[in-house]
Structure formats: C-alpha cells, structure tokens
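These figures come from a predicted structure and were not determined experimentally. First the proteins, then the strands, lettered A, B, ... as listed; each starts at 1.
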Number of protein chains: 2
Amino acid sequence: MSYQRKKILAAAVELYLQDGLDGFSMRKLAKQIGVTAPALYRHYDGKEHLLADVMREAHRAFISYVYQAIEAPTPLERFVRAGQGFLDFALEHPRWHVILYFGPEDLGMVELPADIEAMSGARHQFWIDRVRECMDAGILKEGDPTQTGLTMWAHAHGLLQLYRQGHLRIAETEFRALFEESAGRLWSGVATEAFAAQFADRQSDASASVEA
Amino acid sequence: MSYQRKKILAAAVELYLQDGLDGFSMRKLAKQIGVTAPALYRHYDGKEHLLADVMREAHRAFISYVYQAIEAPTPLERFVRAGQGFLDFALEHPRWHVILYFGPEDLGMVELPADIEAMSGARHQFWIDRVRECMDAGILKEGDPTQTGLTMWAHAHGLLQLYRQGHLRIAETEFRALFEESAGRLWSGVATEAFAAQFADRQSDASASVEA
DNA sequence: GTCTATAATCCGATAGAC
DNA sequence: GTCTATCGGATTATAGAC
C-alpha cells in the first residue's frame, strides 16, 4: 500500500469515527487531508473501496479487543474474557462496532468483498468456539453451540442497541451493571445446574474486589 | 385533520414503507401525489412534522398487533400473545418496526413530540405489565419486572436485527422456529422451576397441532 | 499527482404570481 | 391552494490543464 493510500485511509478512519457513515463524504475527507476531492480518486477507485478498507480496520480493532481471550487458562475464563472484550469494544468504540455489521448496501456495493465476509465469519466462529468449549467442560448445557451462542449474542446485541439509541436513559456505568445482571438471568437458562449459580458468585466476587 | 392533510399523510406512509427513511423526500412525495413540492408546505410545516405523523401511524399499527393480547384469559396467555404480536408485527412490517425506535435526530428534531414519547412509554409499560403479571402468578421468577422484561426485550430485539440485517442467512419460517428455540433457552433462565419446562411443552403442542 | 471546472443529481425550503 | 422559478446546499465522479 502506497504512502498516499495509507495517509488517505488514516484520515478516512478518523473522519468515519468522528462523523459516522452519514457524515462521511469524499469532499470532507479531501478537505481534512488538505487536497481537493478529485485527487483521492487517483488512489482509491471510489468511496466504496475506501469504506471497505475502513471496515477492515474495524475488524483489526475488534481482534485486538477480543482475540486475546484465547490466552486465558480455562474455557470459562476464555468465555468470560471474550464476552468482556466484546462489551468493552462496543462501548468504547461504538462506531467501530456498528461498522462490523454493515451490509453491502451501506457501502454502495452489491456484495461485500470476500475477505471481509471471511473476517466476519471468523469473528463469529471464535465466539461459537468459546461456547463449545464451555459445553464440553460441562459449564453450559449440552446443545448446538451455534444456537446457544446466538441466543447470547442476540441478547448482548439487542441490549447494546437499546442503550446506544438512548432507550434505557442511563449512563455507561449503570449500563454495565445492568448488562451483567441481564446476562446473569440468561446465564441461568443456558448453564448447567452445577454452574448456574457460579456466574452470580463471580459477579459478587468482582463487585467485592472493586469495593475492597 | 383536513382532507388534504390526510391525503398527504397517506401518501407519506406509503412512500416511507416503500423506500424507508433514506428514500423519503418531499419532492418524491409530491410527485407521488401529483402536485409540486411547495404545495406540501401549505399543509405541513416541514418534513419533520410529516415524519412525526408517520411515526404516530406506526404506533397505531403496533397497537393493533399487540394490545389485543389483553383479551386473553390468563397472565401466561396474555404474555405469550403479546410476544407473538410483537414478533408478527416486526416480521410483517419491518419498516413500521424500525420507525418505532427512531430518535429525534432521525426526524431532524431536537426532541420527539411529547405525545410520541408518551406512546413509546405506554408500549414499554404494556410489556412490563405482562411480565409483572406472570411474576405475580408464580410463572416468572420474582424480581424487578422492568429488569426481567428488558432482558427478554433485548433478546428479541437483537435476534430480529441480526435476522433483518442478513447475518443469519435463513428464511422467515426458519427464523421463527429459531426465535422460539432461542426464547426457550432464555425462558428457562427467567421462569420459576415449576414453569421452566412448560414453555417447551407449549412449543411442542403448537408444533404438533401444526403438523396435525 | 494535483489542480480547476464541471457534469449530473439530489435535497429542503421560500417568494411571489395566479 | 397550487403553480413556476429559484436559493443554497449537498453528493459522487470525470475531463482536461498543469
């Protein structure tokens, strides 16, 4: 990737994170860099290729938050750290989070580039693997990990969206507590009896260590 | 409301349902009615007031799907019918569903009109009341109905969004089955022990009666 | 590689004639 | 109450000079 392309992409990322998709235009981007709009087309074929590169950056950012969970020593800890990373990522970088879910029409394409689809698939698979591990370890009830993982994913996704759209009317600290509580209710539906209570314990421990 | 205002609103509803918020413009609307754009401003102060009226129509449509649940004889049936109505509404009229969640900035306002906020509040309250009833009847675990209701709301909301954005890559019939399954997993986390299995039974009964 | 100029479309909203 | 004409703005993208 040429030096100019890098510079353009860096500015595009900054512009997207500031103004979102609707506020993203080639003219604004050019102005921010200090050139005129047509100059950008020497380096990028069009807005959609540029936005696709911004999506790739979002995936890199996501990876840096979530994939480190693999280093934890136990399936449960890997599971918890993956979930925690997911939540931190979404709350700390909401614009990064939403772009991960963009469809081709959002970028003005008919299909997403294959490599982006592959990154989305890997991201999804990583989570399913964390769920499967916990099933194998007897922590989560037996079943199709894809299904159980989806239930938890949907819950997190929905709660986050309600919060971000302002329907919950609470601040981030309160939302994090609410998220844990709500996840706890779901947990007692998906965990084995032996582990159903453990989540609540872990929460109490965490609260206790914060208070201490 | 004058005759012309009604005619404009009806066309606006049609245009919104067809083209969505992004495809909604005063010029297109005027063309669809057969007048020129400035004529609309004789009857509506601006785009935002028109869109606010479209939101009000969405609430009316929602009510027709969900509030009839109140007629069912038991708390559990009222709960189930409310949930079913919610799902039907969202799947049959996705554009109606998303407009319910619009914030003021989507319409180009600083605050939503008070009556719209009130309708949203009532909609939310209706669901919470269904949850509270089930708690009082010993069907759902004791707790704050707002919290438990939120957990279920978030799950449904998230699952719907993942489906509508195409991340699940399944058709509607399969999605409805998946939704029931996923809701069942959540149910066993929020229901009392005595009723935890009942949901699964109800599902099986429903499937059986469909197959029969 | 970058520029100016411009094409070709969109948008919301208003003034003033009829 | 509707029209024409227009203001003032946005957008992606290209042609052609430098």
Side-chain angles (χ1 to χ4, degrees), chain A residues 1-55 95 98-99 102-113, chain B residues 1-56 95 99 102-113:
Chain A
M1 183 146 60
S2 74
Y3 173 68
Q4 279 96 339
R5 234 178 118 100
K6 272 186 201 165
K7 201 168 67 179
I8 292 171
L9 177 55
V13 162
E14 193 180 354
L15 179 59
Y16 167 74
L17 290 180
Q18 254 178 28
D19 297 0
L21 182 65
D22 288 347
F24 185 93
S25 82
M26 298 299 270
R27 292 160 113 96
K28 260 203 233 175
L29 175 58
K31 186 171 285 179
Q32 189 147 333
I33 297 173
V35 298
T36 56
L40 302 176
Y41 289 86
R42 283 284 147 189
H43 307 282
Y44 272 98
D45 254 7
K47 192 188 183 182
E48 75 261 32
H49 294 96
L50 197 34
L51 282 174
D53 265 6
V54 175
M55 272 189 87
R95 289 246 154 84
V98 306
I99 204 178
F102 278 3
E105 65 284 356
D106 295 309
L107 313 259
M109 297 170 154
V110 289
E111 269 190 339
L112 285 180
Chain B
M1 181 147 60
S2 76
Y3 173 69
Q4 281 94 339
R5 234 179 118 100
K6 272 186 200 164
K7 202 168 68 178
I8 292 172
L9 177 55
V13 162
E14 194 181 353
L15 179 59
Y16 167 74
L17 289 180
Q18 254 178 28
D19 296 359
L21 182 66
D22 288 347
F24 185 93
S25 82
M26 297 299 270
R27 293 162 116 99
K28 257 203 234 176
L29 175 58
K31 186 171 283 180
Q32 188 148 331
I33 296 174
V35 297
T36 55
L40 301 176
Y41 289 87
R42 282 285 148 190
H43 307 282
Y44 271 97
D45 253 9
K47 192 188 183 183
E48 76 260 33
H49 293 96
L50 198 32
L51 283 174
D53 265 5
V54 175
M55 273 190 88
R56 291 182 182 97
R95 288 247 156 85
I99 205 179
F102 278 4
E105 65 286 353
D106 294 310
L107 291 346
M109 298 170 156
V110 291
E111 268 191 339
L112 285 180

Donor-acceptor contacts under 3.5 Å from residues 30-38 of chain A side chains, at least two apart:
none

Take nucleotides 3-15 of chain C nucleotide by nucleotide from the 5' end and write B, S or -, depending on whether a protein heavy atom sits under 4.0 Å from the base, only from the sugar-phosphate, or from neither.
BBB-----BBBB-

Roughly how many Å is it from NZ in A:K31 to P in D:dT11, rounded to a whole number?
9 Å

To the nearest 0.5 Å, what is the distance between NZ on A:K47 and CE on A:M109?
12.0 Å

For DNA chain C, the residues among residues 8-17 of chain A that have a non-hydrogen atom under 4.0 Å from it
none

What integer distance in Å separates B:R5:CZ from D:dT2:P?
14 Å

Correct closest heavy-atom pair for B:L112 and B:M55 would be CD2-SD, 4.1 Å

Nearest heavy atoms of A:L21 and A:L51, plus distance in Å:
CD1-CD1, 3.8 Å

Distance from A:L17 atom CG to A:I99 atom CD1, nearest 0.5 Å?
8.0 Å

What is the separation between atom CG on A:L29 and atom C1' on D:dT11, rounded to the nearest whole Å?
14 Å

Would you say CD of B:E105 has more than 12 non-hydrogen atoms from neighbouring residues, nucleotides or ligands within 6.0 angstrom?
yes

Minimum heavy-atom distance between B:L50 and B:M26, given as atom pair plus value:
CD2-SD, 4.0 Å

How many Å lie between NZ on B:K6 and C1' on D:dG1, as a whole number?
19 Å

May I have all residue pairs that pass side-chain hydrogen bond (donor to acceptor under 3.5 Å, both in side chains) and include part of residues 6-30 of chain B, sequence neighbours excluded?
B:D19-B:K28

Take the protein atom CG of A:L21 and the nucleotide atom P of D:dT11, then report the distance between them rounded to whole Å.
13 Å

Using C1' atoms of five pairs at each end, report the bend of the helix from C:dG1-D:dC18 to C:dC18-D:dG1 rounded to 10 degrees.
20°

Give every donor-acceptor pair under 3.5 Å between a side-chain atom in residues 39-46 of chain B and any protein atom, sequence neighbours left out.
residue : atom : partner : partner atom : Å
B:Y44   : OH   : B:D53   : OD2          : 2.6

Whole angstrom value for the distance that separates P of C:dG1 from OH of A:Y44:
14 Å

